[in-house]
Visitor: 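Quick one: structure below, then a few questions.
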Amino acid sequence: MPDPIAPTEAALALSDVVKSYGGKRVVDRMTFTAPRSQITAILGPNGAGKTTTIECCEGLRTADSGTIKVLGRDPHDPALREHVGVMLQDGGLPTGVRALEMLRHIASMYAHPRSVDDLVDTLGLASFASTTVRRLSGGERQRLALAAALIGRPSLVFLDEPSAGMDPQSRHAVWSLIEELRGEGVSFVLTTHMMDEAAALADHVVIVDRGRVIAQGSVPDLVGAEAATGPAVSTLRWSTEARRDFTPVFGARSTLTWTEAAPGHYTASGDIGPAVVAQLTQWCEGQDLLIRTLSVNERSLEDVFLDLTGRELR
Ligand SMILES: Nc1ncnc2c1ncn2[C@@H]1O[C@H](COP(=O)(O)OP(=O)(O)OP(=O)(O)O)[C@@H](O)[C@H]1O
């Protein structure tokens, strides 16, 4: 199917998009571009306006003002239908039909659909092929919804929290498929709350808060920029093969605080110098405790996200 847009045009371009519900502005002059043949991830706290924005781009809602260009066209342009794939947050699938039947039916609506058998294989749909959609587990429904979004060989795919509720095996299968299709030139715009998903997949990250873009760029750009302007305190992260109380190492130093971020994974913050690192490793040696990982000031996308959007619950 010929791609409807010029190679130089962005897959998606928003300019000053505004959307309000009952006087409450939930998308507030949203402006960003999703490059072609790349994966763009939109991150933001609950209620930041991500789904509303995506639904305006999908033509499911209409923005109050501003401009949206999807493959260079208005989101409501019927010509877009065969070029755009959509995976909604709740799956959006009819519930009374069997999984494989539904996929074959959707495939029959396209002149050159992707192979149903290949998608069944890649996304592991065979084990629930004859189950009705309403009886599928959350993760199975998500995988089916992704297959339905991809079956028509779209040039641009919108994915709203694609791997929510999926087990790690499914997540990795989905990531591999998305990366493979990007290699074939497909553009993706996805929302996610999983920072590891964004870090693993996204070429371009857009962080939104209260309906506005507050930062964007590649993951290295965002992490690097934040490190340059971020707090001066250093962070020491380490993990060990067994859990320990590290108070003997850090308790005596009033300038340092340490926490167990997850079982066996620790973080210390403060004035981290060579002496502190040496003291930690010497203490572990004395305990016959193997340190598995150790890093200083390595910031993650999640750190950047929390610094930008705050740690308090909304
Ligand atoms: N139809 C609607 N009527 C009124 N308010 C709405 C409607 N749809 C969404 N909202 C409100 O708009 C705001 C943005 O919602 P939206 O679903 O776009 O956020 P989100 O960033 O996708 O959040 P989440 O991460 O929780 O999915 C929220 O405060 C939500 O309650």
Side-chain angles (χ1 to χ4, degrees), residues 11-34 39-70 75-76 84-93 137-139 141-143 145-146 149 156-166 170-171 174-175 178 187-202 204-217 219 222 300-314:
L12 175 69
L14 284 81
S15 176
D16 284 332
V17 174
V18 171
K19 177 76 182 171
S20 301
Y21 293 120
K24 181 182 164 200
R25 195 179 266 215
V26 301
V27 177
D28 189 10
R29 306 195 69 188
M30 183 83 75
T31 302
F32 70 88
T33 299
I39 299 169
T40 299
I42 305 175
L43 313 181
N46 289 142
K50 303 178 296 295
T51 298
T52 304
T53 301
I54 293 275
E55 288 181 350
C56 289
C57 299
E58 292 164 346
L60 297 173
R61 294 185 190 276
T62 303
D64 301 335
S65 60
T67 315
I68 302 177
K69 291 285 178 201
V70 179
H76 297 282
V84 175
V86 171
M87 178 184 173
L88 301 173
Q89 204 172 79
D90 62 358
L93 304 169
S137 73
R141 202 178 286 208
Q142 289 286 93
R143 273 140 69 191
L146 178 61
L156 168 63
V157 187
F158 290 105
L159 306 172
D160 204 353
E161 298 188 31
S163 65
M166 283 188 192
S170 306
R171 266 173 15 116
V174 165
W175 292 358
I178 291 174
S187 313
F188 288 88
V189 176
L190 58 91
T191 69
T192 183
H193 286 296
M194 297 179 196
M195 300 295 139
D196 59 337
E197 179 165 84
L201 281 181
H204 187 66
V205 173
V206 180
I207 301 180
V208 301
D209 197 12
R210 300 188 169 90
R212 282 174 175 253
V213 175
I214 55 168
Q216 61 179 312
V219 174
L222 286 171
S300 65
L301 186 58
E302 182 152 330
D303 295 324
V304 173
F305 180 84
L306 288 170
D307 282 350
L308 288 170
T309 59
R311 286 172 192 268
E312 70 282 1
L313 291 176
R314 303 287 173 85

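When a ligand or atom number is given, it counts from 1 through the structure's own listing order. Just so it is clear, the values below take in all heavy atoms, side chains as well, and ignore hydrogens, waters and symmetry mates.
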Visitor: Is the shortest N/O to N/O distance between T53 and ligand 1 below 3.5 Å?
Guide: no
Visitor: At the 4.0 Å heavy-atom cut-off, does G49 count as touching ligand 1?
Guide: yes
Visitor: With a 3.5 Å distance limit and no angle check, can you tell me whether E161 reaches the backbone of T191 through a side-chain donor-acceptor pair?
Guide: no
Visitor: Show which atoms of ligand 1 fall inside a sub-4.0 Å distance from at least one heavy-atom site of T52.
Guide: 15 (O), 16 (P), 18 (O)
Visitor: For K50, counting its heavy atoms only, list the atoms of ligand 1 lying under 4.0 Å from any of them.
Guide: 18 (O), 19 (O), 20 (P), 21 (O), 22 (O), 23 (O), 24 (P), 25 (O)
Visitor: Taking atom CZ of R29 and atom CZ of R212, what is their separation to the nearest 0.5 Å?
Guide: 7.0 Å
Visitor: Which residues pass the salt bridge (Lys or Arg N to Asp or Glu O under 4.0 Å) test with E58, not counting sequence neighbours?
Guide: none
Visitor: Provide the closest heavy-atom pair for L43 versus M195 in the form atom of the first, atom of the second, distance.
Guide: CD1-SD, 3.8 Å
Visitor: Please state whether E55 comes within less than 4.0 angstrom of ligand 1, counting heavy atoms only.
Guide: no
Visitor: Between D160 and T51, do the side chains contain a donor N or O and an acceptor N or O under 3.5 Å apart?
Guide: yes
Visitor: Specify side chain, backbone, both or neither for T51, according to which of its non-hydrogen atoms lie closer than 4.0 Å to ligand 1.
Guide: both
Visitor: Would R210 and D28 count as a side-chain contact (heavy atoms from CB on, under 4.5 Å) here? Give the steps.
Guide: CA-CA 7 Å; R210 300 188 169 90; D28 189 10; over 6 Å; no
Visitor: Which ligand 1 atoms, with their elements, are less than 4.0 angstrom from a heavy-atom of E161?
Guide: 27 (O)
Visitor: Tell me whether V26 has any N or O atom under 3.5 angstrom from an N or O of ligand 1.
Guide: no
Visitor: Which atoms of ligand 1 sit under 4.0 Å from any heavy atom of K24?
Guide: 29 (O)
Visitor: Within ligand 1, which atoms have a heavy atom of A48 less than 4.0 Å away?
Guide: 19 (O), 20 (P), 21 (O)
Visitor: Which residues pass the side-chain hydrogen bond (donor to acceptor under 3.5 Å, both in side chains) test with R61, sequence neighbours left out?
Guide: Y21, E55
